[in-house]
2 protein chains.
Amino acid sequence: MARRTTDKRTAMLEGALVILARDGYTRASIDAIAAEADVSTRTIYNHFGDKAGLFEAVIEHSADRVAEAQLAVIDRHLWKVTDIETDLRDFGRAWATAIPEYADHFALVRQINAERGHIPDAAIERWQQTGPRRVRSALAARMKELSDRGLLKIDDPDLAALHFALLVSANDPSQPGVALADHDLDTMVDAGVHAFLHGYGG
Amino acid sequence: MARRTTDKRTAMLEGALVILARDGYTRASIDAIAAEADVSTRTIYNHFGDKAGLFEAVIEHSADRVAEAQLAVIDRHLWKVTDIETDLRDFGRAWATAIPEYADHFALVRQINAERGHIPDAAIERWQQTGPRRVRSALAARMKELSDRGLLKIDDPDLAALHFALLVSANDPSQPGVALADHDLDTMVDAGVHAFLHGYGG
DNA sequence: ACCGATGTACAACGTTCGTTGTAGAAATTA
DNA sequence: TAATTTCTACAACGAACGTTGTACATCGGT
């Protein structure tokens, strides 16, 4: 594949991500996406066939991108854990910081969750596999390690991974996708980690 | 207001909820909504002005409906708590059971979260106030009571309420809006309540 | 039984949008 | 430089949709 071809392709995928994340599948027009990507509409059709094909390609591309970043955060912070509380806090902060960093992606995820009934099952499955499921499995594996070493007490590692992710990014759901100030983010993560480790038992 | 008027109005609100929850704002056509509600399209415009007005009315109507149900669950289960673990489990099951019961509503919420940038702030604010915020406040107040009585140990009741709600309905996010079998739901709630009370500390 | 309000059927309008065909420009490769 | 692939500009289409006006039917209250 020539240099120009791949350049145009990523330009389309990234431009489409911006527009699709903001406007959703139905509202986003091919013209708007072409303008954002600085590309002719014809080129989009030549590359992706139709609008649905473009949507699916964008989903997979963005999911892969973000999954790699999250896997890197997992590897960097949970590779060598000594003090469970501080290390989990650091990991939680890195984890929660990455979310607003990929605001477009998570806006796209909200679009996917709204559009689910109108997206082919195969595409959903492909997305889950390259994105969320892969990340959650990796996190669960680390959780299991920590449990085996006696630093945590976990029955179901996959569920524990889900619980952790929920707790450390449990910001006010009235404003999803809005970045918190550093201080608020730290407070949220600290509270999440504390609840994860110690719960609210009296 | 005459009987016929209110009948037609609720028919429109409920029919619109079904279509909007399934198709989203842009994809849902007035014709489809009118057909679902067994009403002429003209009547919709006479009642709600335009499509946006209908959408906002549906949001508020559905949010109010579900909030009342959730408040009832809170009152019924957290009025008299003796054994914190069993009572929280019962409450969690009732809470999690109510969610698939109002599947349409929560599908609509997913649509709202996707459409947020295209909905007037005033409408979002109205929705948050009559729905989620009201429920979360009530739950937080109960949590604070339990904490004051020594049955829980809570610093931030509002955050604790959010954590509880997240944990007891933390089913596999790969299939949002899909009802779990009773057994799986119980397992999920039990694990959530356990994490809420005791955490995963080693 | 009558009257006013409310609902319906229908046609029409302007707009937006996905998609395709085509002819020519631009860049890549040989 | 020549050949081939890739991209662009542009026009055109058919379909779907929100919205409005209007004339007629229908129902609730008196």
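If you're wondering where the values come from, they're calculated on a predicted model, not measured in any experiment. In what follows, every chain begins at residue 1, and chains take the letters A, B, ... in the order their sequences are listed.
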Applying the side chain to side chain donor-acceptor pair (under 3.5 Å) test to B:Asn113, which of B:Glu115, B:Arg110, B:Arg116 qualifies? B:Arg116
Return the residues of residues 20-39 of chain A meeting this criterion: a heavy atom under 4.0 Å from some atom of DNA chain D. Order them by number, or give none. A:Asp38, A:Val39
Would you say B:His47 places a side-chain N or O within less than 4.0 Å of OP1 or OP2 belonging to C:dG7? yes
Can you tell me if CG on B:Asp7 sees more than 12 non-hydrogen neighbours from other groups inside 6.0 Å? yes
Can you classify the ring geometry of A:Phe164 versus A:Phe196 as parallel (below 30°), tilted (30 to 60°) or perpendicular (above 60°)? perpendicular
Between A:Phe91 and A:Val81, is there a side-chain heavy-atom distance shorter than 4.5 Å? no
Is B:Glu125 paired with B:Arg133 through a side-chain N to carboxylate O contact shorter than 4.0 Å? yes
Measure the distance from CG on B:Leu54 to C1' on D:dT19 and round it to the nearest whole Å. 14 Å
Does B:Thr43 have a side-chain nitrogen or oxygen under 4.0 Å from the phosphate oxygens OP1 or OP2 of C:dT8? yes
Less than 4.5 Å apart, side chain to side chain, heavy atoms only: is that true for B:Ile124 and B:Ile112? yes
Would you indicate which nucleotide in D:dT6, D:dA9, C:dT19 comes nearest to any side-chain atom of A:Ser40? D:dA9
Sub-4.5 Å side-chain heavy-atom contact between A:Asp64 and A:Arg134: yes
Taking only side-chain N and O atoms of B:Lys8, does any of them lie within less than 4.0 angstrom of OP1 or OP2 on C:dG7? no
Parallel, tilted or perpendicular: ring planes of B:Tyr200 versus A:His163, cut at 30 and 60 degrees: tilted
Could you check which of D:dG18, D:dG28, C:dT20 has an atom nearest any side-chain atom of B:Arg4? D:dG28
For nucleotides 22-24 of chain C, tabulate all protein N/O to nucleotide N/O atom pairs closer than 3.5 Å, reporting atom names and distance.
none

